[in-house]
Amino acid sequence: MATARRRKIVAGNWKMNKTVPEALALVRDLRAQVASLGDTVEVVVAPPFVALQPLHVALEGAPLALAGQNCHWESSGAFTGEISAPMLAELGCAYVIVGHSERRQLFGDTDAQVNKRAKAVRAAGMTPIICVGETLAEREADQTLAVVERQVRGALEGFEAKDVASFVLAYEPVWAIGTGRNATAAQAQEVHAAIRGLVERLYDGETAGRVRIQYGGSVKADNAAELLGQPDVDGALVGGASLKAGDFAAIVKAAT
Ligand code: 13P
């Protein structure tokens, strides 16, 4: 596999948290705290949809990228309550999270739908952050690598190497999300290496060397450095700890 220098990427998935005024206050704080870190690490925030436009305005010129938390696969039409990828692109989103386990578990997202969403994101000129991860029952049944492989294959169906090289994959074990029980660095590294190996088999070494793989699931300031120190961990997708500027900034610092 070609060795590539991958720029670390730390993203905050705010989920259904923060009103618009709270969102503005949080990024104001965050911007000040990450200003001195230069561009050694890419920092992304994924607020609720309603905060995207105000944050787009507030973040002009700031080294903070915006992400959507999900999108529909059609670009417009009679899909009440849905948001399309071109709409997110217009609001300055560089990334869109697709296939988060909460979408899969609570809203029935399938691998095929995750693939369609990722295609819409790409077609709108943005980069998908494609989430995969096993449940506790699947880990205990020794199914982790099989489940993650199925999810990655499904999400990447029909994409070419040049697309995938620019993508972000996020390994988020479901049992680690919001539980305070993060995967150990060794557990994360094992799955990340398996995902990279799969990308090499599906595409080539160059693509596998370039695709970035984030870890998510109870990432905090005190475990970030160890997780991010693993050779195949290229960043973090942070939930709870991204809701406080100081906590999130500490994780970003751990990535530098
Ligand atoms: P927590 O960091 O709260 O465990 O959430 C992780 C997550 O789901 C990020 O997408």
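For ligands, and for the atoms within them, numbers begin at 1 and follow the listed sequence. All residue numbers refer to positions in the sequence shown, counting from 1.
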Check whether any side-chain heavy atom of Ser242 lies under 4.5 Å from a side-chain heavy atom of Asn13, and answer yes or no.
no
Taking C-beta and beyond as the side chain, do Ile213 and Asp232 meet within less than 4.5 Å on heavy atoms?
no
Run the salt-bridge test on Glu206 and Arg210 with the 4.0 Å N-O cut-off and return the result as yes or no.
yes
Only counting residues at least two apart or in another chain, list the ones meeting side-chain contact (heavy atoms from CB on, under 4.5 Å) with Val174.
Ser101, Gln105, Thr135
Nitrogen or oxygen contacts under 3.5 Å, ligand 1 side and protein side:
{"residue": "ligand 1", "atom": "2 (O)", "partner": "Gly239", "partner atom": "N", "Å": "2.9"}
{"residue": "ligand 1", "atom": "3 (O)", "partner": "Gly240", "partner atom": "N", "Å": "2.8"}
{"residue": "ligand 1", "atom": "4 (O)", "partner": "Gly178", "partner atom": "N", "Å": "2.6"}
{"residue": "ligand 1", "atom": "4 (O)", "partner": "Ser218", "partner atom": "N", "Å": "2.8"}
{"residue": "ligand 1", "atom": "5 (O)", "partner": "Lys15", "partner atom": "NZ", "Å": "3.3"}
{"residue": "ligand 1", "atom": "8 (O)", "partner": "Lys15", "partner atom": "NZ", "Å": "2.8"}
{"residue": "ligand 1", "atom": "8 (O)", "partner": "His100", "partner atom": "NE2", "Å": "2.8"}
{"residue": "ligand 1", "atom": "10 (O)", "partner": "Asn13", "partner atom": "ND2", "Å": "3.0"}
{"residue": "ligand 1", "atom": "10 (O)", "partner": "His100", "partner atom": "NE2", "Å": "2.9"}
{"residue": "ligand 1", "atom": "10 (O)", "partner": "Glu172", "partner atom": "OE1", "Å": "3.2"}
{"residue": "ligand 1", "atom": "10 (O)", "partner": "Glu172", "partner atom": "OE2", "Å": "2.9"}

Is it true that Arg153 and Glu149 make a salt bridge, defined as a side-chain N closer than 4.0 Å to a carboxylate O?
yes
Parallel, tilted or perpendicular: which one describes the rings of His192 and Tyr215, with boundaries at 30° and 60°?
tilted
